[in-house]
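What follows is a single structure, written as structure tokens, with notes after it.
Atoms considered below: every heavy atom in the structure, side chains included; atoms not considered: hydrogens, waters and symmetry mates. Note that the numbering runs from 1 along the sequence shown for the chain. Being a predicted model, the structure only gives us computed values, none of them experimental.
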Amino acid sequence: MLVLRLVLGAVMIAHGSSKLFGGMSNFVQTIHGLGLPGWTAYLAMAAEFFGGIAVVLGLFTRLAAFAITIDMGVAIIKVHWKNGLLGDHGYQFPLALAAIAFALIFFDAGPIALDHVRGGGNSGKKFKSA
């Protein structure tokens, strides 16, 4: 899980940082042009940048992964779907990122994560059946 967390987090941080540090006004216009309210651009940027940081650190991993999954789902439907799975700017890569994020929702972040320090996640405990 650690490698998947690091890859997902690094990619999401890169995507979010380009929006956060200089491209937010263009991104708001792009989002508005897709038929979505402009304020949702700020949610997408937060999911990508801050969610990416959270995933890398393994902090609130499931919440961050949920936000990233929704972000990638919207990106696939609104931007990439028309290009097909393997076409130029197709949805293959966003789908792979969404799949990794989706997996992190249901599996914890792994043993090297701040979720375990704060007592979140599975913390290595096994559930007992009744």
Side-chain angles (χ1 to χ4, degrees):
M1 276 302 165
L2 177 62
V3 172
L4 293 177
R5 260 187 31 229
L6 294 177
V7 168
L8 176 65
V11 169
M12 298 314 296
I13 291 168
H15 277 76
S17 67
S18 67
K19 296 169 180 83
L20 180 63
F21 302 114
M24 202 59 207
S25 61
N26 291 336
F27 187 55
V28 169
Q29 291 175 358
T30 300
I31 292 294
H32 189 68
L34 293 173
L36 298 170
W39 59 267
T40 58
Y42 293 94
L43 295 177
M45 178 274 300
E48 291 175 9
F49 186 73
F50 298 110
I53 291 171
V55 166
V56 166
L57 296 175
L59 184 63
F60 302 109
T61 306
R62 289 179 171 152
L63 178 64
F66 181 71
I68 291 169
T69 302
I70 292 172
D71 182 50
M72 289 295 100
V74 171
I76 290 168
I77 292 167
K78 289 296 216 174
V79 178
H80 300 284
W81 188 261
K82 66 181 180 278
N83 301 319
L85 178 66
L86 301 174
D88 191 29
H89 298 285
Y91 61 89
Q92 178 184 20
F93 189 61
L95 183 62
L97 295 175
I100 294 169
F102 188 75
L104 286 173
I105 294 170
F106 294 101
F107 300 102
D108 68 352
I112 305 172
L114 291 178
D115 280 341
H116 291 287
V117 173
R118 70 172 186 80
N122 226 356
S123 297
K125 297 176 186 168
K126 300 289 181 191
F127 295 104
K128 292 182 180 180
S129 60

So do the side chains of [X] and [Y] get within less than 4.5 Å of each other, counting heavy atoms only?
X	Y	result
I13	I53	yes
F60	F50	no
F102	M72	no
L36	V74	yes
V79	T30	no

Apply side chain to side chain contact (heavy atoms under 4.5 Å, CB included) to L95 and I76, showing your working.
-> CA-CA 7 Å; L95 183 62; I76 290 168; 4.0 Å; yes

Polar side-chain atom of R118 near backbone of L59 as donor-acceptor pair, under 3.5 Å =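 It does not hold such a pair.
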
OG1-NE2 distance between T40 and H32, expressed to the nearest 0.5 angstrom |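 Atom-to-atom, T40:OG1 and H32:NE2 are 10.5 Å apart.
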
Hey, could you give me the NE2/CG distance between H15 and D71, rounded to the nearest 0.5 Å?
->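 H15 NE2 to D71 CG: 9.5 Å, rounded to 0.5 Å.
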
When hydrophobic residues are tied together by side-chain contacts of less than 4.5 Å, even through go-betweens, does [X] share a cluster with [Y]?
X	Y	value
I70	F106	yes
I105	V7	no
I112	L6	yes
L104	L4	yes
Y91	L97	no

Check the angle between the aromatic planes of F21 and F49 and answer parallel, tilted or perpendicular using the 30° and 60° thresholds.
->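 Perpendicular.
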
